[in-house]
Colleague: 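The following block contains the structure, expressed as structure tokens.
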Number of protein chains: 2
Amino acid sequence: MSRQAPTLEDVAREAGVSRATVSRVVNGVRNVDPAIQESVRQAISRTGYAPNQAARSLVTRRTETVALVVSGAGDVSEEERNAFAARVVADPFFGRVVSGVVGQLRPRSMHPVLMFAETDEARQEVVTYLRQGSADGALVVSTHADDPLPALLAAAGLPAVLFARPARPVALSYVDLAHRDGGRLAAEHLLGRGCRRIVTVSGPLAVTASQERLAGFRDTMARHGHAYVPLVQGGFTVDSGVAAMTELLAEHPDVDGVFAANDLMAQGICQVLREHGRRVPHDVAVVGFDDSSVAVTCRPPLTTVRQPVEDMAAAMARLLAEHIGGVRTEPTSIIFDPELVVRESA
Amino acid sequence: MSRQAPTLEDVAREAGVSRATVSRVVNGVRNVDPAIQESVRQAISRTGYAPNQAARSLVTRRTETVALVVSGAGDVSEEERNAFAARVVADPFFGRVVSGVVGQLRPRSMHPVLMFAETDEARQEVVTYLRQGSADGALVVSTHADDPLPALLAAAGLPAVLFARPARPVALSYVDLAHRDGGRLAAEHLLGRGCRRIVTVSGPLAVTASQERLAGFRDTMARHGHAYVPLVQGGFTVDSGVAAMTELLAEHPDVDGVFAANDLMAQGICQVLREHGRRVPHDVAVVGFDDSSVAVTCRPPLTTVRQPVEDMAAAMARLLAEHIGGVRTEPTSIIFDPELVVRESA
DNA sequence: CTGAAAGCGCTAACAG
DNA sequence: CTGTTAGCGCTTTCAG
């Protein structure tokens, strides 16, 4: 570490060839004599050469890095900034995104840098980061429909792919789920098993996905004569599920079915139900959404609407790689279909 | 986006000064006439200039990026690689690490790139990544005592800080918890509330922290005359907690106290207990470890040994920044003290 | 306090 | 198939 790192020049000298030739074998460009290739390779391991990424990026204009950003909407106090990051990462949803993204990035030798953009300043930093060429593009997951980041990215002409369709049209590719169909699936299942006094806990209505899940659910209920379904808005956390169900149970003690807009809330709902002496699914059936890890962990295991997050995240990474590589120039969208997974809660 | 991005040269021309001067104001180096400074600033915003990070890194030899790597030990099949990432990120522990790290990195304008090193090949890639200068240093969290990555990093003379003391001495800084004290705290609490038929579910014994927590627990139990404490080894997951407790309950139906080496397992334990008609803490008291998010979410909320993960992660980031900056040259260690958090489970 | 000039290490034409 | 030659955009002595 004390000695200066060897450069192409050093390897070239060691192998008795030119820098260009060494560069070619390092980058696997053919047109290099097998014999020379071999001697270069030996010189490389003899010198312990590792190409300097900065020098390389300077000319290729690629960093092989993408920003994985979780963006909010409004501004958040300085103190809440860490809380934002903590909350995001703690959500099993995020883990699935990372898993799907990494799976696609790795074989391409690309790496994700984590960024949280919960304030306007932080969002500006993301844009700057990309404009500086610190990353080749961005994968963005918005926690709010009004997230201004997608528009900023598009305006700057930066390669980016979104998780979920932006509320306001933006010329960026995105992947999404047919949330309405998911809501429909949940309603049909609850109705199908005979529930008649059904309530629902939606996600934050500032999130488009929440609205859509709810709309699909309500439409289906209405089609079956259920004009009115009691609703409480939750925040996609276990706690909010607990609070929402506590409220709903007080007003509708005879409830026999619940649709929760995500599994975390469904878990909180099951807890409240149990604590109030209701058996799940015997007395009250509960359907969640996502099919995240807690769906399996929860007691009872959750019947839920599966959202193939890993596949969606993988698709995002693939699309971004295509945009970066220039293979794809026009924005496109990929919509995934939800699927009902029946376990024990309903 | 179509037009070439402006360079220092462009700004210099626009402001009628030299590149050097522009560079100085961009980097906030004083010794620049206020008037000129102002005109340069205007030229910058007029041109929409953003410094090229690659060019900058090439000369400063800094990327303002650090690798945040989660490393395992043995090799894992190709198919399990994504599962590894998924499992890691899904664990609330990881979220706390990220939160603590980001909190320190952000004010330093540094960014974490996520890497999973569960195979020898992946570990080699981490080393290469750093040697290429793609990141200035590494923050490593090992999931196994035999993790070879720390030694590789040290041998390559790369700046790195570890979460937890490495099993085999390595000249690298690390932060850790006084795990033994944590185990002692748990034992004392269980004993103090009158439990006499106590069992324990440890973490994987291949993890040093698990061994230490267990040792501290057993020592204290022994000091109080409990020569033998039934033990089942778990895997730090809810499922493993369920399995372990099912086994223990079958052999020791009269159990009245359980120490779980982490909260996730404690949650599984509570589920099993409840399903077998045992009240927590009335019939059986349960003490967890970590004080992670599930400790609060769990029913009943867990009495647990708090590990200040966010603070520990923040300390890691701080140490790494010092090593990178050359402010600190010798490896050091920071040991945090655990703390008992009493809630309802014991 | 400012400018000129020398690279940082690598890739990519372009010759040969 | 290989070598020569330009830069990529920026920081940083070193003069002035």
Side-chain angles (χ1 to χ4, degrees), chain A residues 3-41 43-44 47-65 109 128-134 136 325-326, chain B residues 3-41 43-44 47-65 109 128-134 136:
Chain A
R3 177 154 56 262
Q4 189 59 18
T7 70
L8 257 197
E9 186 76 53
D10 299 320
V11 179
R13 194 179 319 117
E14 178 81 17
V17 297
S18 70
R19 265 160 33 204
T21 299
V22 178
S23 175
R24 289 187 185 104
V25 351
V26 167
N27 294 295
V29 180
R30 53 174 170 290
N31 300 347
V32 176
D33 183 272
I36 294 192
Q37 207 162 129
E38 181 52 25
S39 71
V40 167
R41 237 177 267 293
I44 288 177
T47 53
Y49 170 74
N52 177 304
Q53 183 58 44
R56 184 178 267 178
S57 291
L58 185 54
V59 26
T60 61
R61 290 166 172 290
R62 284 282 156 63
T63 59
E64 308 306 321
T65 289
S109 296
T128 300
Y129 190 77
L130 291 164
R131 295 216 324 134
Q132 289 186 142
S134 291
D136 302 331
Chain B
R3 178 157 51 263
Q4 189 59 19
T7 71
L8 256 197
E9 186 76 53
D10 299 320
V11 180
R13 195 180 317 118
E14 178 81 16
V17 297
S18 72
R19 270 164 24 208
T21 298
V22 179
S23 175
R24 289 189 185 103
V25 352
V26 168
N27 294 296
V29 179
R30 54 175 167 289
N31 300 349
V32 176
D33 183 272
I36 293 191
Q37 206 162 128
E38 181 51 26
S39 71
V40 168
R41 237 177 266 295
I44 287 176
T47 53
Y49 171 72
N52 178 303
Q53 183 57 45
R56 185 177 268 179
S57 292
L58 185 54
V59 26
T60 62
R61 279 143 190 307
R62 282 282 156 64
T63 59
E64 308 305 322
T65 290
S109 296
T128 300
Y129 190 77
L130 291 164
R131 295 216 325 135
Q132 288 186 145
S134 291
D136 302 330

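Here is the naming used below: chain letters follow the sequence lines, and residue numbers restart at 1 for every chain.
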Colleague: Rounded off to whole Å, could you give me the CZ-to-C1' distance for the A:Arg62 and D:dC8 pair?
Modeller: 15 Å

Colleague: Quick one: does B:Asp33's side chain have a donor or acceptor within less than 3.5 Å of a partner on B:Ala35's backbone?
Modeller: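 Indeed, once roles are kept as given, a pair shorter than 3.5 Å links the two residues.
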
Colleague: How far apart are the closest heavy atoms of A:Gly48 and A:Pro6, and which atoms are they?
Modeller: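 Distance-wise, the nearest heavy atoms are O-CG, 3.7 Å.
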
Colleague: Measure from the side chain of A:Arg61, starting at C-beta and using heavy atoms only, and say which of D:dT11, C:dT2, D:dC8 lies closest.
Modeller: D:dC8

Colleague: Nearest 0.5 Å, what's the OG1-CD distance between B:Thr60 and B:Gln53?
Modeller: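 Between B:Thr60 OG1 and B:Gln53 CD, I get 7.0 Å after rounding to 0.5 Å.
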
Colleague: Looking at every heavy atom in both A:Thr63 and A:Ser57, which two are closest together, and how far apart are they?
Modeller: CA-OG, 3.8 Å

Colleague: Using OP1 and OP2 only, check whether a side-chain N or O of A:Asn52 sits under 4.0 Å from C:dC8.
Modeller: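 A:Asn52 to C:dC8 OP1/OP2: no side-chain N or O under 4.0 Å.
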
Colleague: For the CZ atom of B:Arg56 and the CZ atom of B:Arg61, what is their distance to the nearest 0.5 Å?
Modeller: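 It comes to 16.0 Å.
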
Colleague: Take the protein atom CG of B:Asn27 and the nucleotide atom P of D:dT13, then report the distance between them rounded to whole Å.
Modeller: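 Rounded to the whole Å, the gap is 13 Å.
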
Colleague: To the nearest angstrom, how far is B:Gln37 atom CD from C:dC1 atom P?
Modeller: 10 Å

Colleague: Looking at CG of A:Asn52 and CG of B:Leu58, how far apart are the two atoms once the value is rounded to the nearest 0.5 Å?
Modeller: 6.0 Å

Colleague: Donor-acceptor pair, B:Arg131 side chain versus A:Ala5 backbone, under 3.5 Å?
Modeller: no

Colleague: Tell me the bend of the helix from C:dC1-D:dG16 to C:dG16-D:dC1 as the angle between end helix axes, each from five pairs, rounded to the nearest 10 degrees.
Modeller: 30°

Colleague: If you take any heavy atom closer than 4.0 Å to DNA chain C, which residues from residues 15-26 of chain B end up in contact?
Modeller: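 Hits under 4.0 Å, by residue number: B:Val17, B:Ser18, B:Arg19, B:Ala20, B:Thr21, B:Arg24.
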
Colleague: Distance check, rounded to the nearest 0.5 Å: B:Arg13 atom CZ versus B:Ser18 atom OG?
Modeller: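 Interatomic distance, B:Arg13 CZ to B:Ser18 OG, rounded to 0.5 Å: 13.0 Å.
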
Colleague: In whole angstrom, give the distance that lies between atom CZ of A:Arg56 and atom C1' of D:dC10.
Modeller: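 Spelled out: CZ on A:Arg56 to C1' on D:dC10 is 20 Å.
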
Colleague: Which heavy atom of B:Thr65 sits nearest a heavy atom of A:Tyr129, and at what distance?
Modeller: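 Closest approach of B:Thr65 to A:Tyr129: OG1-OH, 4.0 Å.
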
Colleague: Closest to the A:Leu8 side chain: C:dT11, D:dT12, D:dC1?
Modeller: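 That would be C:dT11.
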
Colleague: Tell me: CD of B:Glu9 to P of D:dG7, nearest whole Å?
Modeller: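 It is 13 Å, rounded to the nearest whole Å.
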
Colleague: Measure CG/B:Leu58 against P/C:dC10 and give the value in whole Å, please.
Modeller: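 My rounded result for the distance is 9 Å.
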
Colleague: In whole angstroms, how far is the P atom of D:dT11 from the CD atom of A:Gln132?
Modeller: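 From A:Gln132 CD to D:dT11 P: 10 Å.
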
Colleague: Using whole Å, report how far CZ of B:Arg131 lies from P of C:dG9.
Modeller: 14 Å

